[in-house]
Amino acid sequence: MTYHSPIFVALDTPEIEHAKALAAKVRHHVGGIKLGLEFFAANGRPGVREMATLGLPIFLDLKLHDIPNTVGKAMQALATLEPAIVTVHASGGRAMMEDAKAAAPLGTKVVGVTMLTSLDESDVEAVGFRDDVHGQVERLTALAREAGLDGVVCSGAEVKAAKKLWPGGFFVVPGVRPAHDAVGDQKRVVTPRQALDHGASVLVIGRPITNAEDPDIAARAIEATL
């Protein structure tokens, strides 16, 4: 599937009417909408169906991570929503990723989260990973490819290396911030143009658009840099 724009706007809110209003404002300048745990916990499957009426591809960023059988059944339960993209944690292992992909609809891209963009080297050391961030992303990218996933989620700092390992992969890059924008709780960020140049397929952008005085103008300004 190709998207009108590589930008997927992150609608990280439990308020469905607010999410719908934001999506309606930016719909002509984004390729899709990302709905995460905050939205899904508040609104569930009916909320996703309601958002789908806007006609934009939906990225369900649920980061599934459990035993293979449970993740496979969870993916089956999501299948009728026909999401464009669904995330699972690559650290859940090869069998879990294989079951997730096997249970997903044919048109859904299943991508493995490598390292959250809120983590830096000290966090990686604290949770006991033996590699640094870069090495861990490469390790999990290779594992996701072996498991038959469509691609991975990684920061813009690692997407170039991930694409080198997986030339035909699909790469979702969160933590993207326009130049001079606040980074918030993200620790490994790049600009939208840098992320695309390094191999990103989809850019996940939230607060720089959703917190803007005029979200449509903000989305247009970012799109113009691409």
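The structure presented is a predicted model; accordingly, all values stated were derived computationally and were not measured.
- Across Ala195 and Leu203, no two heavy atoms sit closer than the pair CB-CD2, 3.5 Å.
- A donor-acceptor distance shorter than 3.5 angstrom exists from the side chain of Ser201 to the backbone of Phe171, with no hydrogens or angles considered.
- Counting only distance, with no hydrogens or angles, the side chain of Thr87 and the backbone of Leu62 share a donor-acceptor pair below 3.5 Å.
- Thr225 approaches Pro192 most closely through the heavy-atom pair OG1-CB, 4.5 Å.
- Between His65 and His89, the ring planes lie tilted relative to each other; the angle falls in the 30° to 60° range.
- Atom CG in Leu78 sits 10.0 Å away from atom CD in Gln76 (nearest 0.5 Å).
- A donor-acceptor pair shorter than 3.5 Å can be found between the side chains of Glu158 and Ser155.
- In this structure, Lys109 is positioned above the aromatic face of Phe170, its NZ or CZ under 6.0 Å from the six-membered ring centre and within 45° of the axis.
- Using a 4.5 Å cut-off on side-chain heavy atoms (C-beta onward), Val88 and Val110 make contact.
- The shortest non-hydrogen separation linking Val153 to Thr114 is O-OG1, 2.6 Å.
- One finds no salt bridge joining Asp99 and Lys73 here, because no Lys/Arg side-chain nitrogen approaches an Asp/Glu carboxylate oxygen to under 4.0 Å.
- A donor-acceptor pair under 3.5 Å is absent between the side-chain atoms of Glu138 and the main chain of Gly135, judged by distance alone.
- Between Arg27 and Asp216 there is no salt bridge, since none of the side-chain N atoms of the basic residue sits less than 4.0 Å from a carboxylate O of the acidic one.
- Within the 3.5 Å criterion, the main-chain N or O of Gly206 finds a donor-acceptor partner in the side chain of Thr210.
- Panel note: side chain Arg177, backbone Ile205; no donor-acceptor pair is recorded below 3.5 Å.
- Listed for the Asn43 side chain is a donor-acceptor partner under 3.5 Å among the backbone atoms of Pro14.
- Of all heavy-atom pairs spanning Met75 and Ala100, the tightest one is CG-O, 3.4 Å.
- Open room surrounds CD on Glu82; 12 or fewer heavy atoms of other groups in view lie less than 6.0 Å from it.
- Formation of a donor-acceptor pair under 3.5 Å by the His4 side chain with backbone atoms of His28 is found in this model.
- The two residues Ile7 and His29 have their closest heavy-atom pair at CD1-O, 4.2 Å.
- A distance-only check finds no donor-acceptor pair linking the side chain of Thr70 to the backbone of Asp66 [under 3.5 Å].
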